[in-house]
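All heavy atoms count here, side chains included; hydrogens, waters and symmetry mates do not. Each ligand, and each atom within it, is numbered from 1 in the order the structure gives.
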Amino acid sequence: MDIKPANNFLQTLIADDLRSGRVQEVVTRFPPEPNGYLHVGHAKSICLNFGLAERFGGRCNLRFDDTNPEKESQEFIESIQADVRWLGYQWAGEVRYASSYFQQFYDWAVHLVRNGDAYVCELNAEQAREYRGTLTEPGRNSPYRERSVEDNLDLLTRMRAGEFDEGSKVLRAKIDMAAPNMNLRDPILYRIRKAAHHQTGSEWAIYPTYDFAHGQEDAIEGVTHSICTLEFEDHRPLYDWFIEHLPVPSRPRQYEFGRLNLNYTVTSKRKLKQLVDEGVVDGWDDPRMPTIAGMRRRGFTPAAIRTFCDMIGVTRSDGVVDVAMLEHAIRDDRNENAPRALCVLHPLKLVLTDLAPDHRQVLTAPAHPTREDLGSRELPFTRELYIDADDFREEANKKYKRLVLGKRVRLRNACVVEATEVVKDTAGNITEVHAVTIPDTFGEDPADGIKPKGVIQWVSASAGRRATVRLYDRLFTHEAPDRGDNAFMDFLNPDSLKVVTDAWIEPSLADAAPEQGFQFEREGYFVADRYQHTPEQPVFNRTIGLRDTWNAGGGDQA
Ligand code: ATP
Ligand code: MG
């Protein structure tokens with residue numbers, strides 16, 4: 001295998017495992033619990049697990065860790081698969097479910113009981129806490145710890161049959177109540193739960209814990225490198241204990257890496273759910289959400305997200321990544337790949353009085369300044385246009401490089417015009433600007449040598465189309481909205497969404513396919529909304545501004 005130099009410790013370690021023959025084929029997995037939509041942190045885990053399999057010619061499974069039926073649903077199962085595919089990965093074989101191994105887990109629980117390695121315990125939650133001890137004090141053995149194998153088997157069978165109430169009994173491993181690692185103090189393997197499961201229906205009245213299921217799921221699937229986030233480091237001895245005490249078909253090993261935390265962002269599923277449930281955002285895929293579905297709807301691209309995951313790397317420590325890095329990756333990708341287009345967000349009519357009322361000239365403009373492969377588009381040029389109200393002033397100093405009364409400006413992809421007159425309503429608001437075109441300035445400087453100061457965007461008033469443009473910005477104003485005692489809901493950015501309903505777009509944009517992205521020149525990067533954009537009623541979402549205005553001190557990209 002021809003392998004590039006390793007750029008993280010997992011790549012190094014796997015290369016060593018292959019070289020030494022400890023493993024023949026690399027098998028990883030991405031194991032989400034279907035209890036919410038995936039977010040940018042999961043994207044890191046996906047890129048890592050699928051990326052390692054790709055790099056070493058192995059395979060990566062998608063496995064739903066569905067041991068917690070109350071919080072899980074089919075909606076999440078479907079969204080997760082769509083998200084992984086959208087990121088550009090394909091799992092090996094069929095989607096897998098922890099729940100399809102429930103019988104095997106149960107058989108293994110029986111195995112532990114028979115070997116005297118597990119027992120049914122009847123301490124209630126409060127007693128169990130007391131018996132467990134603390135970090136500095138050892139725990140005490142449960143009074144139920146020395147039951148006979150026969151009694152334990154009988155009770156476990158009846159737990160499974162649904163004979164007992166929830167909370168009245170649990171199955172525990174018999175390890176060591178004095179172990180310094182609390183995870184080894186007779187951890188719970190099964191709880192009674194009379195809940196229907198989305199995959200297994202009412203077949204089970206007991207459900208395995210994460211700890212009892214996870215490593216065994218890996219072993220069943222022949223996972224060689226079981227990669228998880230650092231908070232599971234203390235669970236590794238337990239993971240290994242199960243693998244050693246059960247007749248599992250393979251011996252996976254667990255490795256931990258630092259989770260992704262992003263400033264200005266919350267990545268807890270519980271908190272994201274709260275944003276959805278309380279209507280702060282418009283669903284899990286609201287473009288302001290750090291979910292994969294939200295980023296997709298915002299116009300982020302799989303390639304940019306993958307690049308970002310590469311950029312941040314994989315380490316053995318937790319840190320906070322600046323969201324500006326993610327935004328930078330998006331801008332880079334969009335700058336390189338997004339076709340250019342003209343859109344006017346705050347339309348002000350510009351009348352070119354030297355043109356005939358029915359003047360119509362069809363200009364051709366390249367879709368991208370350097371990417372010829374992106375082709376060109378047609379721009380109808382007519383007597384009445386819209387320009388942005390911010391691009392005109394009656395008077396201005398030299399720093400203002402747009403249209404000023406009596407001065408010149410270039411219309412992007414078209415000619416130079418000179419403003420001659422301002423029309424106002426009775427309240428004194430400017431309603432129209434009149435101008436004349438400067439002859440022979442399509443692609444040329446004016447012959448009289450008086451060059452325009454700047455270039456502005458425009459759209460034909462008669463041939464352009466009205467559009468809704470949603471200006472999204474960061475959802476939180478605080479860089480650590482949920483750090484410590486911070487109540488993240490207190491830091492919502494009141495300007496995270498501004499909706500412009502009367503923007504004007506060049507006609508070719510109406511034909512954009514849903515999810516097609518563009519640079520609206522001088523405004524930013526935008527995407528045709530995945531669900532709501534139609535040629536009749538175009539809807540665009542702002543992906544990101546052209547520049548980072550947050551780090552420049554301002555909060556407003558509009
Ligand atoms: P919870 O288990 O509390 O519902 P979770 O974020 O751990 O939430 P899972 O569905 O268990 O969600 O996560 C699936 C995989 O994604 C796990 O392997 C987990 O380690 C990884 N993961 C989750 N959050 C992050 C993150 N912020 N950075 C990197 N990996 C993450
Ligand atoms: Mg988890």
If we count only N and O atoms by modelled type, under 3.5 Å, do the side chains of Ser496 and Asp473 hold a donor and an acceptor together? no
Is it true that Arg334 and Thr543 share a donor-acceptor pair across their side chains at a distance under 3.5 Å? no
Under 3.5 Å, N or O to N or O, is [X] touching ligand 1 that way?
{"X": "Cys228", "value": "no"}
{"X": "Leu260", "value": "yes"}
{"X": "Asn35", "value": "yes"}

Supply the atom-to-atom distance Phe300 CZ to Glu327 CD, rounded to the nearest 0.5 angstrom. 6.5 Å
Pair Arg63 + Glu33: basic N to acidic O under 4.0 Å: no
Output yes when Asp529 and Arg297 qualify as a salt bridge under the 4.0 Å nitrogen-oxygen rule, no when they do not. yes
I'd like to know whether Leu262 forms a side chain to side chain contact (heavy atoms under 4.5 Å, CB included) with Phe308, so could you lay out the CA-CA distance, the side-chain angles of the two residues, the decisive distance to 0.1 Å, and finally the verdict. CA-CA 12 Å; Leu262 270 185; Phe308 167 70; 3.9 Å; yes
Option nearest atom 30 (N) of ligand 1 (shortest heavy-atom distance, choices Gly41, Gly36, Pro290, Ser268): Gly41
Between the candidates Leu48, Ile46, Thr229, which shows the shortest non-hydrogen contact distance to atom 19 (C) of ligand 1? Thr229
Below a 4.0 angstrom heavy-atom separation, can you tell me which part of Arg270, side chain or backbone, both or neither, approaches ligand 1? neither
Within reach of ligand 1, part of Lys269 (heavy-atom separation under 4.0 Å): side chain
Could you list the atoms of ligand 1 found under 4.0 angstrom from a heavy atom of Phe257? 29 (C), 30 (N)
How are the rings of Phe491 and His478 set to each other: parallel, tilted or perpendicular (split at 30° and 60°)? tilted
Working for ring-ring contact (aromatic ring centres under 6.0 Å, His included), residues Tyr106 and Trp204: CA-CA 10 Å; Tyr106 183 78; Trp204 292 89; 5.8 Å; yes
State if [X] counts as touching ligand 1 under the rule of any non-hydrogen atom under 4.0 Å.
{"X": "Lys71", "result": "no"}
{"X": "Phe232", "result": "no"}
{"X": "Tyr210", "result": "no"}

